[in-house]
Peer 1: 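Could you have a look at this structure, given as C-alpha cells, before my questions?
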Amino acid sequence: MLTEQSRLLTGLNPEQQRAVVTTEGPVLVVAGPGSGKTRVLTHRIAWLIEEVGTSPDQILAVTFTNKAANEMRSRINRLLGDGSTNGLVMGTFHSLGVRILRQNPGLVADRIGLLPNFMIYDAGDQLDLAKDSLKTLKLDPRQYAPRRMLSGISKAKSHLLSPDELADLTATHDDELVVRVYREYERELRAANAVDFDDLLALPLRLFDADERALQRYQEQFRYILVDEYQDTNKVQYVLITALAGRWNNLFVVGDPDQSIYGWRQADITNILNFKNDLPDTTEIHLEVNYRSTRHIVQAADRLIRDNTQRIDRAIRTDNAEGEPIALRELADQHHEAQFIVGEIRRLVSIGAYTGDNVAIMYRTTAQSRVLEEAFRVTDIPYRIVGGVRFYERREVKDVLAMFRLLHNPFDRLSFERIVANMPMGRGFGPRAQETAQVWADSRGLTIVDAVIASVPGALGAGLDRPDFSGPGAAAERIGGAFAVLRERAKSISLAEMFDVIVEHTGYRESLKHTEDDLDRWANLLELRADLERYESVDPAEALNAYLEQVSLIADVDSMKDDQQGQVTLITLHSAKGLEFPVVFISGVEEGLLPISRALETESFDTTALEEERRLFYVGVTRAKNLLYLTYAANRMTYGRYQSGVPSRFLQAIPAELVRESSRAASSRSGVSSGRLSGIDRGMLASQVTTTTVSASGLNDRPTPKLVIPSFVAGQRVFHPKFGDGQILEVLPRRDDLEVVVAFVRVGTKRLMASLARMDIVE
DNA sequence: TTTATCCCTATTTTT
DNA sequence: TAGGGATAAA
C-alpha cells in the first residue's frame with residue numbers, strides 16, 4: 001500500500017511518514033527546529049486530500065501567521081496541482097475566530113449585541129480605549145498604567161473570565177481596579193460596535209454556548225484539524241480547538257515546547273506538555289533530526305536549551321557537516337556592534353559567499369533596530385525591517401483609516417476622536433463640543449456622526465431637531481457638512497477614490513505640505529492609496545469591510561515578501577520564529593537584554609521568565625543554517641545613558657570548542673590582550689576596562705555623574721518605589737556593584753542591583 | 001481651544 | 001533619547 005502511495009512520502013524519514021499517515025485520532029508531533037515540520041504538515045494535508053479522499057473544506061489548518069498559511073497553501077498546490085486547496089480552511093486562530101463570527105451574524109447580534117459591521121480594535125486602539133476607560137472612571141492613568149490594566153484585561157479574557165468572574169478572584173486593591181476598568185472597557189468596546197483581539201477567540205465560544213447547533217455544524221464540517229506552533233496556544237485557543245475537534249477527534253498538533261516564547265501573551269506551555277493526558281489514545285511522534293543547521297549550531301543549541309527545567313527531555317541531532325564555528329564577538333558599544341555586523345555582511349557578500357537576502361540580524365527589542373538601520377543607511381546594502389513601527393500603525397495611516405472605519409461603523413467613537421484631534425477638519429471642536437454631540441446622539445439612539453451632520457441647517461429631513469452647540473457652532477457645522485459629503489460619496493466610489501475625497505475634504509492633504517516630515521507622511525499615505533487600489537474590482541459595499549479586516553489581522557512577518565532580492569532582514573527574535581536564514585546575527589547578547597532585565601527581576605522566586613528568555617535565544621540560534629554570529633556590546637546606550645554590559649549568561653552554556661571568539665574592538669580600545677580567557681571572562685574584563693576609561697577620561701569638569709550607592713546592610717528596612725516596603729536579607733558584592741536581597745512585604749523576595757534599584761533606606 | 005514648553009518615564013516581545 | 005502628557009499662557 002505504501003509503495004503505491006509513496007509519492008507523498010518520498011524523501012520523508014520514517015517518523016515524518018508516520019506523522020503524515022496517522023490520520024485518525026489525536027496526534028502530537030514534537031518537532032525540533034529544522035526537523036521538517038512544515039513538510040509534514042503540507043504532506044499530511046495533501047495526503048488527506050489525495051489518499052484519504054477528504055474534501056478540502058473538511059480540513060481546518062491553524063497556523064501562527066498568515067504568511068505560514070499562505071506558504072503552506074502554495075506548497076500543497078505544488079504537490080497536488082493548482083486549485084486543489086480550494087475550500088481548505090487555513091489561517092490563524094484569530095482569522096478563524098472572525099470567520100466564525102462573520103458567518104453567524106444573527107447569533108452575534110442576538111447574543112453579543114454586535115452589528116455585522118463590527119470593527120476589530122488593534123493594540124493601539126485597545127490602549128486608547130483603556131485610557132478612555134480610566135478617564136471615565138476618573139482614575140489617574142499615572143497611578144494605574146493603562147498598559148497594566150490592559151494586560152490584566154487580556155489575561156482575564158484569555159482565561160475566559162468575564163469581569164464578574166474576575167471579580168470573584170481578586171485579592172488586592174489593584175486587582176479590583178482592573179475589574180472596574182475591564183467592565184468599563186467592555187462597555188465602551190460594545191458601544192463602539194467593536195471587538196478586540198482576545199474577543200476574536202472568546203466570542204466564538206460564547207456563541208457556541210448560546211447555540212449548540214452552531215458548534216455542531218463546525219464540528220461536523222471539520223473532520224481533520226491541524227494546529228501548527230501548538231506550544232504557543234493559550235487557554236482560549238485550547239478550548240476552542242478541542243471543542244471543534246469534539247465530533248471526529250482527529251486533532252493533529254505540531255509544536256516544540258523549547259520554542260514556546262509567548263508566555264507573556266498567555267500562551268500556556270502546558271497545553272502541549274499535557275496534550276496526551278488530556279486526549280487519551282494520542283499518538284506521539286518525535287521529530288529530532290535537524291536538516292537545517294550545521295552540527296556546530298545544532299550542538300550549541302542543544303547544550304543551551306538543556307539548562308531549562310520545564311521541558312520534555314530529548315536531544316536534537318543532525319547528519320549535516322560540522323560547519324564553521326560560531327562567531328562570538330564583543331564590541332565597544334552599539335554603534336561598533338552595528339558597524340561590525342554591516343561590515344561582516346559586506347564582506348560575505350563581496351566575496352560572493354552569500355547574498356544579502358541570505359542574512360538576518362536578530363535582536364531582542366525593536367529599539368535595537370534603529371542603530372542597525374543607521375549603519376545600513378550609509379552603505380549600499382539594501383535591508384528591510386520586519387516589525388518596528390508597523391505601516392498600519394503610523395499616525396497618518398491610522399488617521400485616514402480612522403475615517404474609513406468611522407464611515408463603515410459610525411459607532412466607532414475612538415475613530416471619531418482621532419479624526420477630530422488630528423485632522424484640520426476637526427479644529428475648534430473640542431471635548432466640550434464632543435460631549436454635547438455625544439449626549440445628543442445617545443438620547444436619540446443615533447451616532448456622533450449623525451449629531452454633527454444634524455447640526456448643519458437643512459442637512460437632515462424635517463422632524464429632527466438640531467443639537468445645541470452653545471457658542472459658535474461653526475466647527476460642528478463644518479464637520480457635519482464634510483461628513484455628509486463623505487458619507488454620501490462612500491456609497492458609490494472605490495476605496496482609492498474615497499481616499500482622495502477624504503484627504504481633500506478633511507483638509508488633511510493640505511496640512512501635509514509643509515515640512516520634510518510632512519512629505520514622508522504623504523508618501524506613506526500614497527502607499528496606503530496604492531494598497532487600497534488592490535480592492536478596485538471588489539464591490540464597494542464589500543470592499544471596505546474586507547479591507548479593514550485584512551488590515552487588522554495582518555502580522556509583521558505577513559508583509560515580508562520572499563522575492564526581495566539582496567535585502568538583509570532585520571527582525572526581532574519573536575518574529576523570527578519559523579523562519580530560517582543561511583546567515584544569522586544575533587545582536588545584544590547581554591544580560592539585561594537577553595535575558596531581558598524584566599525577566600531577571602522575577603528570577604529569584606520564579607525561573608519561568610528566565611527560561612522563556614533562554615528559549616527565545618534558542619529560537620534565534622536555530623534559525624541559522626550555516627553561519628551564526630553572536631555579538632554583544634561592552635557599553636550600550638539605554639534610556640539615553642551608557643551602561644556597561646555583561647555578556648549573557650546563556651553564552652556560558654555553549655561549549656568553547658564550538659566557538660571562535662574575538663574581541664578586536666575591545667583590545668584595540670583598551671589594550672586587553674588575548675590570553676586564555678574565555679570569551680565571557682574577557683568580555684567582563686573588557687567592560688570593566690572600558691567603563692573605567694570612560695569615567696577616567698573626565699568627559700567634562702563636572703563631577704562624574706556616577707550614582708551614589710547607599711550603604712546597604714542586612715536587616716535594614718528599605719523602601720522601593722515599585723515594590724514598596726521591605727527588609728534587606730543579604731548584601732553581596734558584585735564587581736563594581738552590590739546585589740541586595742530584599743524581602744518585600746507586598747511582592748516577596750527579590751534580588752536587586754544596588755546601583756539600579758532606586759531604593760531608599762528607611763530610618 | 002490651541003499651542004508651547006517642560007517633565008517624566010519607559011522598551012520587552014505581537015495576533 | 002524620545003514621545004506622551006500635564007501645565008501654563010494666549
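Quick note on labels: first sequence line is chain A, next is B, and so on, each numbered from 1.
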Peer 1: Determine whether more than 12 heavy atoms belonging to other residues, nucleotides or ligands lie under 6.0 Å from atom CZ of A:Arg102.
Peer 2: yes
Peer 1: Are the side chain of A:Ser455 and the backbone of A:Val452 linked by a donor-acceptor contact shorter than 3.5 Å?
Peer 2: yes
Peer 1: Tell me the interatomic distance from A:Glu612, atom CD, to B:dT13, atom P, rounded to whole angstroms.
Peer 2: 14 Å
Peer 1: Between P on B:dT15 and CD on A:Gln237, what's the gap in Å once rounded to a whole number?
Peer 2: 12 Å
Peer 1: What nucleotide, of B:dT15, B:dT14, B:dT11, holds the atom closest to the side chain of A:Arg147?
Peer 2: B:dT11
Peer 1: Report the distance from atom CD of A:Gln126 to atom C1' of B:dT15, rounded to the nearest whole Å.
Peer 2: 10 Å
Peer 1: Can you tell me how far apart OG1 (A:Thr506) and CD1 (A:Ile419) are? Round to the nearest 0.5 Å.
Peer 2: 8.5 Å
Peer 1: Please work out which residues in residues 254-270 of chain A have a non-hydrogen atom less than 4.0 Å from an atom of DNA chain B and list them by number.
Peer 2: A:Tyr262, A:Trp264, A:Arg265
Peer 1: Using the closest heavy atom to pick a nucleotide of DNA chain B for each, name whichever of A:Ser552 or A:Ala145 lands nearer the 5' end.
Peer 2: A:Ala145
Peer 1: Under 6.0 Å from the NZ atom of A:Lys398, do we count more than 12 heavy atoms belonging to anything else shown?
Peer 2: yes
Peer 1: Is the backbone of A:Asp122 close enough, under 3.5 Å, to the side chain of A:Asp125 for a donor and an acceptor to pair up by distance?
Peer 2: yes
Peer 1: Nearest heavy atom decides the nucleotide; on that basis, is A:Phe429 or A:Thr638 closer to the 5' end of DNA chain B?
Peer 2: A:Phe429
Peer 1: Can you tell me how far P of B:dT13 sits from CG of A:Leu570, to the nearest Å?
Peer 2: 14 Å
Peer 1: State which of B:dT11, B:dT15, B:dT13 makes the closest approach to the side chain of A:Thr366.
Peer 2: B:dT13
Peer 1: Quick one: does any side-chain atom of A:Arg190 pair with a main-chain N or O of A:Ala194 as donor and acceptor, under 3.5 Å?
Peer 2: yes
Peer 1: Is A:Glu611 reaching over with its side chain to a backbone N or O of A:Gln310, donor-acceptor style, under 3.5 angstrom?
Peer 2: yes
Peer 1: Surrounding CZ of A:Arg427 (heavy atoms of other residues, nucleotides or ligands, distance under 6.0 Å), is the total greater than 12?
Peer 2: no
Peer 1: Could you run down the sub-3.5 Å N/O contacts of the protein with nucleotides 3-6 of chain B?
Peer 2:
none

Peer 1: Shortest non-hydrogen contact from A:Asp232 to A:Tyr262?
Peer 2: OD1-N, 3.3 Å
Peer 1: Taking 4.0 Å as the cut-off, does a side-chain nitrogen or oxygen of A:Ser575 come that near to OP1 or OP2 on B:dT14?
Peer 2: yes
Peer 1: Do the side chain of A:Ser648 and the main chain of A:Leu594 share a donor and acceptor less than 3.5 angstrom apart?
Peer 2: yes
Peer 1: Would you find a donor on one side and an acceptor on the other, under 3.5 Å apart, between the side chain of A:Ser552 and the backbone of A:Leu548?
Peer 2: yes
Peer 1: How does protein reach along nucleotides 1-10 of chain C, written 5' to 3' as B (base within reach of a heavy atom under 4.0 Å), S (only sugar-phosphate), or - (no contact)?
Peer 2: BS--S-----
Peer 1: Take the protein atom CG of A:Asp228 and the nucleotide atom C1' of B:dT15, then report the distance between them rounded to whole Å.
Peer 2: 14 Å
Peer 1: Taking the side chain from A:Gln237 and the backbone from A:Asn234, do they hold a donor-acceptor pair closer than 3.5 Å?
Peer 2: yes
Peer 1: In whole Å, what separates the C1' atom of B:dT11 from that of C:dA6?
Peer 2: 22 Å
Peer 1: Whole-Å distance between B:dT14 P and A:Leu127 CG?
Peer 2: 16 Å
Peer 1: How long is the line joining CD of A:Gln231 and P of B:dT13, in whole Å?
Peer 2: 20 Å
Peer 1: Roughly how many Å is it from CG in A:Leu150 to C1' in B:dT15, rounded to a whole number?
Peer 2: 14 Å
